[in-house]
Amino acid sequence: QVHLVESGGGLVQAGGSLRLSCAASGRTFSSYTMAWFRQAPGKEREFVAVIRRSGINTYYADSVKGRFTISRDNAKNTVYLQMNSLKPEDTAVYYCAAGVSVVVISTPSEYDYWGQGTQVTVSS
């Protein structure tokens, strides 16, 4: 069992930055592929970024590529999402997810554990 807790969300103006954190407790953090998803009102949950167990391999949604950076600190059991050049369309609840055997990285059902989410609101 893994418990995930996100933090760092808030209200920011367009062009600003935020850093989200996701702290994990439970079984060995380094065993999990970690990802960030987001969900805007009335929309389906969508993939944002993923980082594999070693921290070397990362992948991003086209909509955030070049603006967001995912990273992890296995010693601290934490994954981060640095978000720069934020746009109003980035407004959503952001969720952290953990998966043991993730093949299709953008599919929510591939992940075993989820956090409760943190709200990010970008004003224009």
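Residues take their numbers from the sequence shown, with the count starting at 1.
Nearest approach of A24 to V2, heavy atoms of both residues: CB-CG1, 4.2 Å. When all heavy atoms are compared, the tightest approach of S106 to F37 is O-CE2, 3.6 Å. Closest heavy-atom contact between L86 and M83: CD2-CB, 3.8 Å. Across all non-hydrogen atoms, the minimal contact from T58 to I51 is CG2-CG1, 3.7 Å. Closest of all the heavy-atom pairs between L20 and Y94 is CD1-CB, 3.6 Å. Minimum heavy-atom separation, R72 to N74: NE-OD1, 2.8 Å.
V120 places a side-chain heavy atom less than 4.5 Å from the side chain of L18.
Both W114 and V50 are members of a single hydrophobic cluster when ILVMFWY side chains are connected at heavy-atom separations under 4.5 Å. Both V100 and L4 sit in one connected hydrophobic cluster of ILVMFWY residues. Membership requires side-chain heavy atoms under 4.5 Å apart, directly or through other members. Hydrophobic clustering of Ile, Leu, Val, Met, Phe, Trp and Tyr side chains at less than 4.5 Å, counting indirect connections, unites I70 with Y113.
Under the rule for a salt bridge (charged side-chain N to carboxylate O under 4.0 Å, His left out), E89 has no partner lying at least two apart in sequence or in another chain. Considering only residues two or more places apart in sequence or on other chains, R19 meets the side-chain hydrogen bond (donor to acceptor under 3.5 Å, both in side chains) condition with none of them.
For Y111 (side chain) and C96 (main-chain N/O), no donor-acceptor pair under 3.5 Å exists by modelled atom type. No donor-acceptor pair under 3.5 Å is formed between the side chain of Q82 and the backbone N or O of T69. Judged by distance alone, the side chain of S30 and the main-chain N or O of T28 form no donor-acceptor pair under 3.5 Å. Counting only distance, with no hydrogens or angles, the side chain of Q39 and the backbone of E46 share no donor-acceptor pair below 3.5 Å. Checked by atom type and distance alone, the side chain of E110 pairs as donor or acceptor with a backbone atom of V103 at under 3.5 Å. With T118 contributing its side chain and G9 its backbone, the two residues share a donor-acceptor pair below 3.5 Å.
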Please assess F29 against K76 for the test side chain to side chain contact (heavy atoms under 4.5 Å, CB included), listing each intermediate value before the final yes or no. CA-CA 9 Å; F29 176 74; K76 295 183 178 180; over 6 Å; no
Yes or no on side chain to side chain contact (heavy atoms under 4.5 Å, CB included) for L81 and V48, after CA distance, side-chain angles and deciding distance? CA-CA 10 Å; L81 185 68; V48 175; 4.2 Å; yes
Verdict with reasoning, S17 to N84, per side chain to side chain donor-acceptor pair (under 3.5 Å): CA-CA 4 Å; S17 298; N84 298 328; 2.9 Å; yes
inquiry  = Could you go through K65 and D62, starting from their C-alpha distance and side-chain angles, then the distance that decides it, and tell me whether this counts as salt bridge (charged side-chain N to carboxylate O under 4.0 Å, His left out)?
reply    = CA-CA 5 Å; K65 203 172 293 183; D62 288 343; 3.1 Å; yes
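Between F47 and Y60, a ring centre-to-centre spacing not shorter than 6.0 Å is recorded. The six-membered or imidazole ring of F68 lies away from that of W36, with a centre-to-centre distance of 6.0 Å or more.
Clustering of Ile, Leu, Val, Met, Phe, Trp and Tyr side chains at separations under 4.5 Å leaves Y80 isolated, with no partner residue.
Side-chain contact annotation: R52 with T33, donor-acceptor N/O pair under 3.5 Å present.
Rounding to the nearest 0.5 angstrom, the gap separating the CG atom in D90 from the OG atom in S63 is 7.0 Å. To the nearest 0.5 Å, atoms SG (C22) and CD (E6) are separated by 5.0 Å. Distance check: M34 CE to N77 CG gives 9.0 Å after rounding to the nearest 0.5 Å.
The cationic atom of R38 (NZ for Lys, CZ for Arg) does not lie both less than 6.0 Å from the six-membered ring centre of Y95 and within 45° of the ring axis.
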